[in-house]
Every structure is written in structure tokens, then in C-alpha cells.
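Here the structure is laid out as C-alpha cells; the discussion comes afterwards.
Order of the sequence lines sets the chain letters (A, B, ...), proteins ahead of strands, with each chain counted from 1.
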Protein chains: 2
Amino acid sequence: MTRPRTRIQQRNSETILEAALEVFSQHGFRGATLDQIAEVAGLSKPNLLYYFASKEAIHGALLSGLLETWLDPLRAMDPDGDPVAELLGYVRRKLELSRDFPRESRLFANEMLQGAPRIRAALEGELRDLVQEKSAVLQRWMDEGRLAPVHPVHLIFSVWALTQHYADFDVQVRAVLGGAKADPFPEAGRFLEVLFRRLLEP
Amino acid sequence: MTRPRTRIQQRNSETILEAALEVFSQHGFRGATLDQIAEVAGLSKPNLLYYFASKEAIHGALLSGLLETWLDPLRAMDPDGDPVAELLGYVRRKLELSRDFPRESRLFANEMLQGAPRIRAALEGELRDLVQEKSAVLQRWMDEGRLAPVHPVHLIFSVWALTQHYADFDVQVRAVLGGAKADPFPEAGRFLEVLFRRLLEP
DNA sequence: TCTGAAACTGACCAATTGGTCAAACCATCC
DNA sequence: GGATGGTTTGACCAATTGGTCAGTTTCAGA
């Protein structure tokens with residue numbers, strides 16, 4: 001991916017990626033079409049392909065960097081901080097990602113459901129390494145008696161599952177809570193804080 | 001959906017649905033093709049359409065009944081039983097569904113990611129009603145001091161999120177745990193029991 | 001064994017798909 | 001104003017899509 005040179009390239013690349021995120025996150029890679037993306041972007045199909053070499057290239061541009069955004073909150077967990085506070089902070093940041101970037105979350109979920117054909121390497125490399133590293137920190141905190149002892153990797157899984165659920169299953173969440181209740185996130189935040197506090201406080 | 005009459009109809013309908021589950025759960029509705037399903041089923045495409053009127057019809061046949069299977073474990077939660085035991089039982093049954101029917105879980109997840117166009121009515125009706133009913137039971141248990149007080153609907157969400165994660169994000173789970181570790185489910189079961197026990201015991 | 005219905009197929013169709021290309025457009029700088 | 005290079009598009013293509021249909025094969029029961 002070379003950086004856009006001109007102002008027009010900058011603007012149109014962004015417009016295309018924005019439209020593609022909308023379409024890919026809803027229909028997955030195979031289910032999305034260039035015509036749909038072009039229509040959402042308000043550009044002609046050949047014009048899309050002037051900026052990106054192929055459908056694959058657009059999808060790839062979206063995925064690359066997504067894992068980074070996804071892992072940043074975990075990276076930010078400070079080994080020298082207060083254990084419970086650090087983990088609650090991680091949960092809060094992850095939930096904010098679900099609230100503010102639900103389409104990115106769904107794009108990621110789609111990739112997982114398909115067996116992660118395009119990012120499996122990153123999962124087994126970068127992701128795995130970071131989880132191992134942070135698990136060691138969690139384990140140390142548990143050994144020191146500053147955190148209740150639970151399986152650290154599954155603990156991280158639980159943070160992912162509980163936070164991403166509010167983005168990926170947004171329709172279901174809102175259907176169950178009823179249309180009136182507008183925003184499920186404040187209550188979700190309070191619930192998750194109680195959950196992890198009770199789980200982790202020694 | 002009329003019941004299959006002959007033995008051949010019985011067998012081929014099942015073969016088709018089995019193949020369709022495989023394909024739909026991986027690629028979603030739009031991403032799946034009849035040719036793929038036909039190939040997996042080992043039947044010709046016109047033959048598929050001899051048994052099902054359309055691609056939609058196959059997908060619909062899979063979805064209908066899925067919600068039932070999905071809700072049964074929640075229905076089985078006994079209002080007269082022991083609160084913590086009942087909820088842990090629900091978690092266990094739901095996790096077993098994830099382990100034994102991961103493709104069904106992914107089919108459901110795909111539908112959610114697309115905004116649940118085909119089952120929204122059921123979500124806002126049947127699903128919502130059952131959740132409301134069981135939430136009332138949970139709330140009563142909390143009022144009686146037999147369960148720690150948390151938001152009951154979000155508690156149910158947390159069961160869904162934590163259990164379905166192991167089916168829907170299976171690739172990620174296994175990538176992080178490393179290929180050697182074969183089956184994540186036993187450890188997941190123990191982790192979830194600890195989690196919900198600590199969260200809910202008064 | 002015969003017969004009628006059920007099961008199956010190759011050939012086909014119109015629409016949609018990702019992608020190409022030559023030609024046109026447009027902004028800027030000399 | 002003309003030259004130049006980035007930008008845009010209509011027309012087009014081969015492949016794939018969901019679906020049809022006329023006809024053939026297979027099967028169960030009399």
C-alpha cells in the first residue's frame with residue numbers, strides 16, 4: 001500500500017474504504033460486490049479500480065491495520081499498574097471500540113467465521129505472542145495474590161467475547177432490550193465492571 | 001416445509017441441508033453458491049432445486065428450528081431449582097451446543113452480522129419474550145438474596161457471548177492456544193464455571 | 001413384468017460478477 | 001492557450017450466478 005499522493009487520491013481512497021467497510025462488514029468478502037461498494041461510495045466501478053487493483057486489495061487494505069487497532073488496548077495494559085484497575089481499563093477500552101467502531105468489529109468477525117483465511121498468520125504470530133506476554137503478566141499478578149486465580153488466556157478470551165458481542169450481535173441486543181431503550185452501552189459498561197470486579201478481586 | 005415422503009427424499013433433503021450448513025455457515029447467505037452446496041452434497045445443481053424451491057428456501061429451512069435449538073437450554077432453566085446451579089447448568093448446556101454444533105452457531109452469527117434480515121421478527125418476539133420471562137426469574141432470585149444482584153438481561157447476554165465465542169471464533173481460540181492444545185472446551189468449561197460462580201454467589 | 005410416478009440430468013438462459021480499456025475529461029503549470 | 005498528467009467513464013468481456021426445462025433414468029407397487 002503506497003500512500004496517496006494528491007488530495008483527490010487521499011479523499012477518494014478514504015471514501016472507497018469507508019464504503020467498503022460498510023459493505024464488507026455486512027456481507028463478508030464473498031457476499032460483497034464491487035457494484036455495491038461503488039454505489040455506496042458514489043463512484044463508478046472502474047473508478048474504484050483506478051484506486052485499488054482489485055476487490056481483494058480493498059479488503060486487504062481494510063484488514064491490515066485492523067488487528068493493530070484491535071490489540072492496542074491490550075498492549076496498553078501496564079504490568080506495573082494495579083491489576084484489577086488495569087484489567088478493568090482494558091475492558092473499558094475494548095467496549096469503547098465496540099461502541100465506536102462496530103463495523104470494524106463485524107469485519108473482523110466475518111473474517112473469523114470464514115476461518116480467517118487472510119489473517120491466520122497474524123493470529124498465530126503477532127496476536128498469539130501478545131496474548132502469551134500479557135497472560136504471563138496476569139499469571140504473575142495471580143501468583144502474587146493480587147488477582148483471583150483463573151486461566152489467564154481464557155480470561156482474555158472472555159474480555160473479547162463480552163465486549164465484541166455488543167458490536168457483532170448489536171441487532172439481537174437491541175431486539176431483546178426493546179426499541180425504546182436506545183443505547184445498551186452504558187448499562188453494558190456497568191455490568192462488565194461488576195462482572196470482572198467480582199471475578200478478579202482476590 | 002412439508003415433511004419428506006419417501007426414503008430417498010428423506011436422505012437427500014438431509015444431505016442437502018448438511019452441505020448447505022457447511023457452506024452457509026462459512027460464507028454467509030450471499031457468499032454461498034448453489035454450485036458449492038451441490039458439490040459438497042455430491043448432487044447436481046438441478047437436483048438440489050428438485051428438493052428445494054430456491055437458495056432462499058434451503059437457507060430458510062436451516063434457520064427455522066435453529067432458534068428453537070438455541071433457546072431450549074434457556075427454557076430448561078427451572079424457576080424452582082437452585083439459582084446458581086440452574087444458571088451454571090444453562091452455561092454448561094450452551095457451551096455444549098457450541099462444541100457440538102459450531103456450524104449452526106456460525107450460521108446464526110452470520111445472520112446477526114447481516115442485521116438478522118430473516119429472523120428479526122423472531123428476535124423481537126419469541127426470543128425477547130423468553131428473555132423477559134427468565135430475567136424476571138433471575139431478578140426474583142436476586143431479590144431473595146439467592147443470587148448476587150446484576151442486570152439480569154446483560155447476564156443472559158454474557159452467557160451467550162462467552163459460550164458462542166468458542167464456536168464462532170474457534171480459529172482464533174485455537175491459534176492463540178497453539179495447535180498442540182487440541183480441545184479448548186474442557187478448560188473453557190472450568191473457566192466459565194469459576195467466572196459465573198464468583199459473579200453470582202451471594 | 002409392466003406402469004406410472006419419482007428422481008435425475010445436460011443443455012440452456014438471463015442477470016450479475018470482477019475486471020479491462022480506449023477514449024474523454026479536467027486541473028495545473030509553462 | 002497549449003501541453004501534460006492525473007482522473008473519470010461508457011462500453012465491453014469472460015466467468016459465474018440462480019434458476020428452468022424437456023427429456024431420460026430409476027424405482028416401487030400391482
Glu39(A) atom CD, over 12 foreign heavy atoms within 6.0 Å: no
Is the backbone N or O of Arg30(B) less than 3.5 Å from a side-chain atom of Arg30(A), with the two atoms forming a donor-acceptor pair by type? no
So does Asn12(B) get a side-chain nitrogen or oxygen closer than 4.0 Å to the phosphate oxygens (OP1/OP2) of dC8(C)? yes
Looking at Phe101(A), I want to see if its CZ is surrounded by more than 12 non-hydrogen atoms of other residues, nucleotides or ligands under 6.0 Å. no
Is a salt bridge present between Glu193(A) and Arg92(A), judged by a nitrogen-to-oxygen distance below 4.0 Å? no
Roughly, in whole Å, what's the span from NZ in Lys55(A) to C1' in dT20(C)? 17 Å
Between Gln9(B) and dA7(C), is there a side-chain N or O to OP1/OP2 distance below 4.0 Å? yes
For the residue pair Trp160(B) and Phe157(B), categorise the inter-ring angle as parallel (less than 30°), tilted (30 to 60°) or perpendicular (more than 60°). tilted
Exactly one of Arg146(A), Arg140(A), Gln139(A) clears side chain to side chain donor-acceptor pair (under 3.5 Å) with Asp143(A), and that residue is Gln139(A)
If you walk 5' to 3' along DNA chain D, what is the first nucleotide with an atom under 4.0 Å of a heavy atom in chain A, and what is the last? dG6(D) to dT17(D)
When Lys45(B) and Arg7(B) are each assigned the nearest nucleotide of DNA chain D, the 5'-most assignment goes to Lys45(B)
Distance (rounded to the nearest 0.5 Å) between Phe24(A) CZ and Lys55(A) NZ: 5.5 Å
Separation between CG of Leu49(B) and OG of Ser54(B), rounded to the nearest 0.5 Å: 8.0 Å
What are the residues of residues 23-43 of chain A, sorted by number, that bring a heavy atom to within less than 4.0 Å of DNA chain D? Arg30(A)
Between protein and nucleotides 25-27 of chain C, what N or O pairs are separated by less than 3.5 Å?
none

Are Arg106(A) and Gln26(A) side-chain neighbours, meaning at least one heavy-atom pair lies under 4.5 Å? no
Residue met sooner reading DNA chain D from 5', once Ser54(B) and Arg11(A) are mapped to nucleotides: Arg11(A)
His59(B)/Phe52(B) under ring-ring contact (aromatic ring centres under 6.0 Å, His included): CA gap, chis, key distance, verdict: CA-CA 10 Å; His59(B) 193 249; Phe52(B) 291 90; over 10 Å; no
Is Asn47(B) near enough to dT9(C) that one of its side-chain N or O atoms lies under 4.0 angstrom from OP1 or OP2? yes
Run the salt-bridge test on Glu68(A) and Arg75(A) with the 4.0 Å N-O cut-off and return the result as yes or no. yes
